[in-house]
Amino acid sequence: MTVVRCPETIHLRKVILVLAGNFYRKRTTVNRQRSTIPDPVSLPPMAQKVRVRFAPSPTGGLHLGGVRTVLYNYLFAKKNGGDFVLRIEDTDQSRYVAGAEEYIFDCLKWAGLTPDESPLHGGAYGPYRQSERKPMYRQYAEQLVTQGHAYYAFDTPEELEKMRQDFKTEQNPSPQYDHTLRLKMRNSLSLTAEETKQLLAEGARHVIRIKMPENESLSFTDMIRGEVSFDTSLVDDKVLLKADNMPTYHLAVVVDDYLMKITHAFRGEEWLPSAPVHVLCWKYLFGLDQMPQWAHLPLILGPNGKLSKRDGAKYGFPVFAMNWTDPKTNELTEGFREKGFLPEAFINLLALLGWNDGTEKELFSREELIQAFSLERVHSAGARFDYEKAKWFNHEWIKQTDSQSLLPVVKTILEEKGLSTGSDHLLEKVIGLVKDRCTLLPDFYDQSSFFFQRPATIDTDSVKPKWNEAKQLFFAEVIRHFTLSATWDAHEMETNFKEMAAANRIKPGEVLLPFRIMLVGGKFGPHVFDIAALLGKEETIHRIKNALSLFA
RNA sequence: GGCCCGUUCGUCUAAGGGUUAGGACACCACCCUUUCACGGUGGUGAUACGAGUUCGAAUCUCGUACGGGCUACCA
């Protein structure tokens, strides 16, 4: 590509940028220098349907960073009328974990991020499990060998280990299998053609490694970071095809992205160092003009660097979307769902971790996110996860969600804790009364259990010191009044209650708190007359009587 | 060690050469509320450092420091 200088061209570029859906961060126009790939902006805009993929390896829980990658994929696809593909990267047989794939699907379902194509949902580009695509990878690796871009390597794990020991120095603590060493190893570059042929004929275990060129500068344009460049001499000869004929990630990601017609490839920043391998495979195999646009997403950091499930256990917040139990160790790692997060809030907080729409808006529904999302507003720096802020998002979502929508999940939680919640009508009213006080879903139990069962303990300590005969008599009168009352209305009750207090020369404040504690058990909860109204006449009178005997 | 990426309040971030550097979370104070919350008002608090370019730099360039990632026949 050429560096654009004249103002007209710059203007034209901007127009194209807009036409192309603003996929490209504006800053990339600033620090771009020479690129070995064609300027993406010069590609025919929207020539093909947008297709993105999330490609997890089913080896355990799905954590924050993973869900955010799914989210950004999903939002980008929906925003651009494209397809969101879920591909299972299960090429490492030794890391197979039972149930992990179903778990991923469950998480996506809970979060409302349904793939358009996947092993579960089907699609025209299957199979979507790499283990089921095994036969198709070898030919591409062989093609690279034929082209001279890759080679057979016969080194055993022991030999590799020996190499790492032998060449390890203080200056170079982790020697790589690269151009400086490959001729010292057993491979089709160091062996004669005859020897190689012989070994292959014998069926000797071997892998295929990419032959990284020396002294080439390789660069590509990342949609988030602009131009990123590498010196190929410093990259090692990564294994492309393993001895069991399974591809490594490096080969599989290129082959599958090509075969599945992926147009935009998003992944975590931890993949950046191996990007030159992938770019080279694209160049050799399918041509750089076919390569998807890359976007390396900033990492989500825990208190100490990259977020790990250990952080959750250590610092008391979830890192997985849902509960995950390791089938081998039986170790349970708590998820956001079980912790009491609403999926809407979870999505919302994840979206805002590294992205914003440029305004001060922070609360977004899924639809609003789809509308507002754009990759060029994704931050390039890693973001530290702040659990306090995460809880704030959930609290906001609980407050703004209507009681009726909250009802099923709240009901489940209350029932799991052994409460029978009575009619939905009642529960809905209760939810409306207490939801402002609930940050996490289980808070509904603490905030509303007294509506459904008598308080287990009564905070008598807060009443007794100021308790006296006058108050005792006042409440006796209250009971009498309530008993005779034909109606049962919160406002009316409040008026009468206060009038009675005045008639007895008692300040309302002095009897309001005792009244609350009688009904609720403690110093918390909604307006006390609202509580009494929902509790009903009989129950209210019962609780007053019961408490009176405790206070005396 | 090498390579790559990054760096604005404690945290998430806005500001695309000209702003008293804005917002949110958290924290503090006050108001509302005869409970706890919600809500409202206000406050503390940041451009890592050093050069350069420029009339003017958080913003562009270089260097330093610091942080993170990668360095497997894992993904």
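So that the names make sense, note that chain A is the first sequence line, chain B the second, and so on, each numbered from 1.
- Taking atom CZ of A/F364 as the reference point, atom P of B/C12 lies 18 Å away to the nearest angstrom.
- Among the heavy atoms of the strands, none lies under 4.0 Å from A/S462.
- Under a cutoff of 6.0 Å and an axis angle of 45°, A/R437 and A/F524 do not form a cation-pi pair.
- Across the strands present, B/U47 finds no partner; the criterion is a Watson-Crick or G-U wobble pair with both atom distances under 3.5 angstrom.
- In terms of position along RNA chain B, the nucleotide closest to A/W355 lies nearer the 5' end than the nucleotide closest to the other residue of the pair A/S274 and A/W355.
- The distance from atom CD of A/E159 to atom P of B/C73 is 13 Å, rounded to the nearest whole Å.
- For A/K242 and B/A75, the shortest distance from a side-chain N or O to OP1 or OP2 is below 4.0 Å.
- Regarding the sugar-base torsion, B/C38 falls in the syn class, its angle being within 90° of 0.
- Closest to the side chain of A/N356, out of B/U13, B/G1, B/C73, is B/U13.
- B/U7 is paired with B/A65 under the Watson-Crick or G-U wobble criterion, all donor-acceptor distances under 3.5 Å.
- Between A/D92 and A/R95 there is a salt bridge, since a side-chain N of the basic residue sits under 4.0 Å from a carboxylate O of the acidic one.
- With respect to the salt-bridge test (charged N to carboxylate O, under 4.0 angstrom), the residues A/R53 and A/D257 qualify.
- Between A/R377 and the phosphate of B/A15, there is a side-chain N or O to OP1/OP2 separation shorter than 4.0 Å.
- Closest approach to the A/R209 side chain among B/G23, B/C73, B/U13 is made by B/C73 (side chain taken as heavy atoms from C-beta onward).
- Between the C1' atoms of B/G45 and B/G23, the separation comes to 14 Å (whole Å).
- Judged by Watson-Crick or G-U wobble contacts below 3.5 Å, the nucleotide B/U19 has no partner.
- For A/D237 against A/Y151, the heavy-atom pair with the smallest separation is OD2-OH, 2.5 Å.
- Looking only at distances, a side-chain donor or acceptor of A/T232 sits under 3.5 Å from a matching main-chain atom of A/P213.
- Separation of the A/Y249 and A/H278 ring centroids falls under the 6.0 Å cut-off.
- The gap from the P atom of B/A58 to that of B/A26 amounts to 31 Å, rounded to the nearest Å.
- Here B/A26 is the nucleotide among B/G68, B/A26, B/C70 with the atom lying nearest to any side-chain atom of A/W392.
- Here, B/C36 and B/C30 have their P atoms 14 Å apart, quoted to the whole Å.
- Comparing atom distances between the A/A383 side chain and each of B/G69, B/A14, B/C12 picks out B/C12 as nearest.
- Inspection of the A/Q130 and A/D256 side chains reveals an N or O donor paired with an N or O acceptor under 3.5 Å.
- Nucleotide B/C73 holds its P atom 16 Å from the CZ atom of A/R182, rounded to whole Å.
- Rounded to whole angstrom, the span from the CH2 atom of A/W294 across to the P atom of B/C5 amounts to 16 Å.
- Heavy atoms of A/D231 sit nowhere under 4.0 angstrom from any nucleic acid atom.
- Salt-bridge annotation for A/E494 and A/K498: present, with a side-chain N of the basic residue lying under 4.0 Å from a carboxylate O of the acidic one.
- For the P atom pair drawn from B/A46 and B/G1, the interatomic distance equals 32 Å after rounding to whole Å.
- Heavy atoms of A/G354 sit under 4.0 angstrom from primed sugar atoms or phosphate atoms, though from no base atom.
- Taking the side chain of A/A381 as heavy atoms from C-beta on, and the options B/A14, B/G6, B/C5, the nearest nucleotide is B/G6.
- Across every strand in view, B/C60 sits in a pair with B/G52 that passes the Watson-Crick or G-U test at under 3.5 angstrom.
- Taking a cutoff of 4.0 Å between a charged side-chain nitrogen and a carboxylate oxygen, A/E159 and A/K162 do not qualify as a salt bridge.
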What string of B, S and - do you get for nucleotides 33-43 of chain B, 5' to 3', if B is base contact, S is sugar-phosphate-only contact and - is no contact with any protein heavy atom under 4.0 Å? -BBBBSS----

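- No engagement by A/R267 is indicated, since no non-hydrogen atom pair under 4.0 Å with the nucleic acid exists.
- For the pair A/N304 CG and B/C66 C1', the computed distance is 16 Å after rounding to whole Å.
- Checked against B/C73, B/C25, B/A24, the side chain of A/R164 finds its nearest nucleotide in B/C73.
- For B/A75, one of the phosphate oxygens OP1 or OP2 lies less than 4.0 angstrom from a side-chain nitrogen or oxygen of A/T91.
- Comparing B/G63 with B/G42, their C1' atoms are spaced 43 Å from each other, to the whole Å.
- Taking the C1' atom of each, B/A57 and B/U8 are spaced 14 Å apart, rounded to whole Å.
- Under the 4.0 Å criterion applied to side-chain N and carboxylate O atoms, A/D386 and A/R384 are not assigned as salt-bridge partners.
- For A/E270, counting side-chain heavy atoms from C-beta on, the closest listed nucleotide (B/C4, B/C74, B/G69) is B/G69.
- Residue contacts shown for A/F393 are absent, as no nucleic acid heavy atom lies under 4.0 Å away.
- By the 6.0 Å and 45° rule, A/K389 stacks over the aromatic ring of A/W392.
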Less than 3.5 Å apart, which donor and acceptor atoms pair up between the side chains of residues 345-353 of chain A and the rest of the protein, not counting sequence neighbours?
residue	atom	partner	partner atom	Å
A/N348	OD1	A/F364	N	2.9
A/N348	OD1	A/W397	NE1	2.9
A/N348	ND2	A/E362	O	3.0

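- Between B/U61 and B/U7, the two P atoms lie 12 Å apart (nearest whole Å).
- Among the protein residues, A/T248 comes within range of the sugar-phosphate backbone only, with heavy atoms under 4.0 Å from sugar or phosphate atoms but none that close to a base.
- Side-chain N/O atoms of A/K306 include one lying less than 4.0 angstrom from OP1 or OP2 on B/C70.
- As a whole-Å value, the separation of A/L160 CG from B/C74 P is 11 Å.
- Ranking B/A75, B/U13, B/C25 by closeness to the A/D386 side chain, first place goes to B/C25.
- Note on A/V228: only backbone sugar-phosphate atoms sit closer than 4.0 angstrom, heavy atoms only; bases stay farther off.
- Nearest nucleotide to the A/S57 side chain, out of B/A75, B/U13, B/C25: B/A75.
- One can find a donor-acceptor pair under 3.5 Å joining the base of B/A24 and the side-chain atoms of A/K389.
- As judged by a 4.0 angstrom heavy-atom cut-off over every strand, A/V207 is placed among the base-contacting residues.
- One atom, CG of A/D178, and another, C1' of B/C70, lie 15 Å apart when rounded to the nearest Å.
- Put simply, NE2 on A/H296 is 16 Å from P on B/G69, counting in whole angstrom units.
- Distance check on atom P: B/G16 versus B/U59 gives 13 Å, rounded to whole Å.
- Within the shown strands, B/G2 is the pairing partner of B/C70 under the Watson-Crick or G-U definition, both distances less than 3.5 Å.
- For A/E360, whose side chain is taken as the heavy atoms from C-beta onward, the closest listed nucleotide among B/C74, B/C73, B/G22 is B/G22.
- Of the nucleotides present, B/U41 is the one that pairs with B/A29 by Watson-Crick or G-U wobble criteria, both distances under 3.5 Å.
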